[in-house]
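Given the structure is predicted, the values throughout are model-derived calculations rather than measurements. Residue numbers begin at 1 in each chain, while the letters A, B, ... track the order of the sequences.
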There are 2 protein chains.
Amino acid sequence: MSPYDPSAYPPFAVTVDLVVLTVRRHALCALVVRRGEQPFQGRWALPGGFVRGEEDLAAAAARELSEETGLCAHDPAVPGAGNGAHLEQLATYGDPKRDPRMRVVSVAHLVLAPDLPAPRAGGDANSARWAPVDELLAVGDDGSAGLAFDHAQILADGVERARSKIEYSSLATAFCPPEFTVGELRRVYEAVWGVALDPRNFHRKVTGTPGFLVPAGGTTTRQGGRPAQLFRAGGATLLNPPMLRPEV
Amino acid sequence: MSPYDPSAYPPFAVTVDLVVLTVRRHALCALVVRRGEQPFQGRWALPGGFVRGEEDLAAAAARELSEETGLCAHDPAVPGAGNGAHLEQLATYGDPKRDPRMRVVSVAHLVLAPDLPAPRAGGDANSARWAPVDELLAVGDDGSAGLAFDHAQILADGVERARSKIEYSSLATAFCPPEFTVGELRRVYEAVWGVALDPRNFHRKVTGTPGFLVPAGGTTTRQGGRPAQLFRAGGATLLNPPMLRPEV
DNA sequence: CTGTTTATCGTCAGGCAGACGACTATGATC
DNA sequence: GATCATAGTCGTCTGCCTGACGATAAACAG
């Protein structure tokens with residue numbers, strides 16, 4: 001082989017696509033934008049865009065995220081800044097036929113964000129929305145065409161990553177506002193996994209895991225009922241032993 | 001933005017790099033090749049190469065693997081064929097400065113293979129070898145320069161992926177020949193995690209997990225001592241509950 | 001035959017999770 | 001204001017799994 005001869009190999013376009021997940025009204029939702037041009041014109045797609053010349057992949061993802069949602073990603077490598085959205089690389093998709101026009105390799109990223117107001121994509125409220133992932137992934141049955149390109153696969157991979165990762169990490173707190181109650185955190189797990197959890201056992205588990213939650217001092221009744229203690233995410237990122245997802 | 005205008009964005013070179021892991025003499029080892037040219041001439045690096053024009057990323061990784069080791073990857077999407085090496089995508093590395101010559105985005109793949117004879121890289125035995133990952137990742141101390149490019153980071157990520165993934169999947173069997181004993185499987189875990197496991201508890205765990213192991217019918221004494229029953233990997237890919245890695 | 005090595009079966013105590021009872025503190029409704 | 005509905009929080013009990021470890025079995029080396 002003749003390594004690194006640029007002329008010997010066809011150029012690739014490199015993009016980032018974003019799977020932005022949040023929990024709204026007890027459902028796991030993803031951010032989708034409407035395509036304004038061919039191909040797949042008018043269809044919903046994941047937000048994304050080209051990686052620029054002197055830009056790292058994570059930086060490109062953070063930039064796209066900021067452009068689409070105003071969120072400032074909380075890159076583990078750049079701590080402190082941002083309103084807490086979690087960003088991580090998901091996987092890379094490079095099937096030669098995934099884009100009919102040219103060879104595009106897309107590095108998908110996963111973003112977990114707290115519930116946000118309606119998205120603002122280029123100021124056009126009609127061109128971006130939060131949609132329940134169940135709806136986006138239920139293709140064919142109702143005649144809806146599903147997402148553009150291979151974005152249904154990317155979304156499915158992102159959802160599966162989120163579902164499994166909250167098992168053994170404290171990542172579920174990324175779906176919550178800075179201060180939250182145990183019940184709110186439980187509703188996150190229930191929405192992401194699509195199951196009902198026992199409030200008492202859940203409470204015992206999360207409050208009994210050292211470093212997972214730290215008391216924030218106050219209480220709230222925003223969920224109704226008895227006032228609940230407010231917590232902040234603790235420093236622990238790994239949950240050991242993990243929170244087990246109930247079987248089916 | 002003006003999507004998909006090829007001239008509007010700089011072209012990227014896309015490569016695949018391989019983290020090929022195996023267990024040799026009770027140590028987790030990785031395949032490295034010696035670089036024949038600048039930059040990093042003479043240094044060890046992960047095997048890899050350019051993705052071709054009409055080639056999927058996984059196909060490129062499988063091709064490079066075959067060229068470097070003769071292994072035929074057992075892609076989950078293409079079952080049956082191959083001598084059982086496991087291949088999966090690891091992560092993508094695209095720092096603008098990771099290659100001093102041009103913008104290269106590398107899609108790293110992880111390969112888990114049974115113990116193999118000495119590698120044959122382009123027929124040159126001196127240019128490829130199995131090296132213990134501890135040795136490859138212990139940089140600076142002994143003055144050795146470490147791996148080329150960002151390959152130390154890629155290797156570290158691959159090792160961490162392997163270490164965590166054998167916890168909750170049956171992937172450790174990918175390090176074993178088609179038929180193996182419980183003790184051989186245990187030595188795989190011990191080598192990958194770098195810990196000692198209790199043979200009795202390990203035996204109880206793996207034989208008690210339905211679908212993990214299926215008896216192959218025979219016995220062997222290739223490890224010495226009492227003959228051990230031979231097993232084959234069962235159909236189960238997920239281990240529930242997982243095999244817990246001992247603390248520290 | 002004896003010691004060494006490895007495999008395999010059993011036992012026991014502690015920890016954790018699932019099931020679920022009981023009590024508490026708020027707002028809503030009559 | 002009494003009652004109800006809603007959520008949160010604390011306990012109890014039981015079964016399963018794990019870690020620690022004793023004991024036995026089946027080969028080989030001397």
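Listed for the A:Thr181 side chain is no donor-acceptor partner under 3.5 Å among the backbone atoms of A:Ala228. Without hydrogens or angle criteria, A:Arg163 side chain to A:Val192 main chain gives a donor-acceptor distance under 3.5 Å. Between the A:Thr22 side chain and the A:Pro114 main chain, a donor and an acceptor come within less than 3.5 Å of each other.
Atom-to-atom, CZ of B:Arg204 to C1' of D:dC16 comes out at 11 Å; the value is rounded to the nearest Å. Between B:Leu244 atom CG and D:dA20 atom P there is a gap of 12 Å when expressed in whole angstrom units. Per the geometry, CD belonging to A:Gln223 stands 11 Å off C1' belonging to D:dT6, to the nearest Å. Summarising the geometry, the separation between CZ on A:Arg245 and P on C:dC16 is reported as 22 Å, rounded to the nearest angstrom. For the pair B:Asp198 CG and C:dT8 P, the interatomic distance rounds to 14 Å; values are reported in whole Å. Rounded to whole Å, atom C1' of C:dC20 lies 18 Å from atom CZ of A:Phe202. Between A:Gln229 atom CD and D:dC10 atom C1' the separation is 13 Å, expressed in whole Å. Here D:dA20 presents its P atom at 11 Å from CG of B:Leu197, a figure rounded to the nearest Å.
Nucleic acid contact class of B:Arg186 (heavy atoms, under 4.0 Å, all strands): sugar-phosphate only.
Proximity note for B:Lys205 (side chain, C-beta onward) versus C:dA25, D:dT18, D:dG8: the nearest is D:dT18. Closest approach to the B:His203 side chain among C:dC9, D:dA20, D:dA27 is made by C:dC9 (side chain taken as heavy atoms from C-beta onward). Of the candidates D:dA20, D:dA7, C:dT8, D:dA20 carries the atom nearest the B:Asn201 side chain, counting heavy atoms from C-beta on. Each of C:dT6, C:dT8, D:dC13 was ranked by its minimum atom distance to the side chain of B:Pro199; first place goes to C:dT8. Closest approach to the B:Arg226 side chain among D:dA7, D:dA27, C:dA7 is made by C:dA7 (side chain taken as heavy atoms from C-beta onward).
Around atom CZ of B:Arg25, no more than 12 heavy atoms belonging to other residues, nucleotides or ligands sit under 6.0 Å away.
Within 3.5 Å, no donor on the side chain of A:Arg200 pairs with an acceptor on the base of D:dG11, nor the reverse.
For A:Phe231 and A:Phe180, the gap between ring centers reaches or exceeds 6.0 Å.
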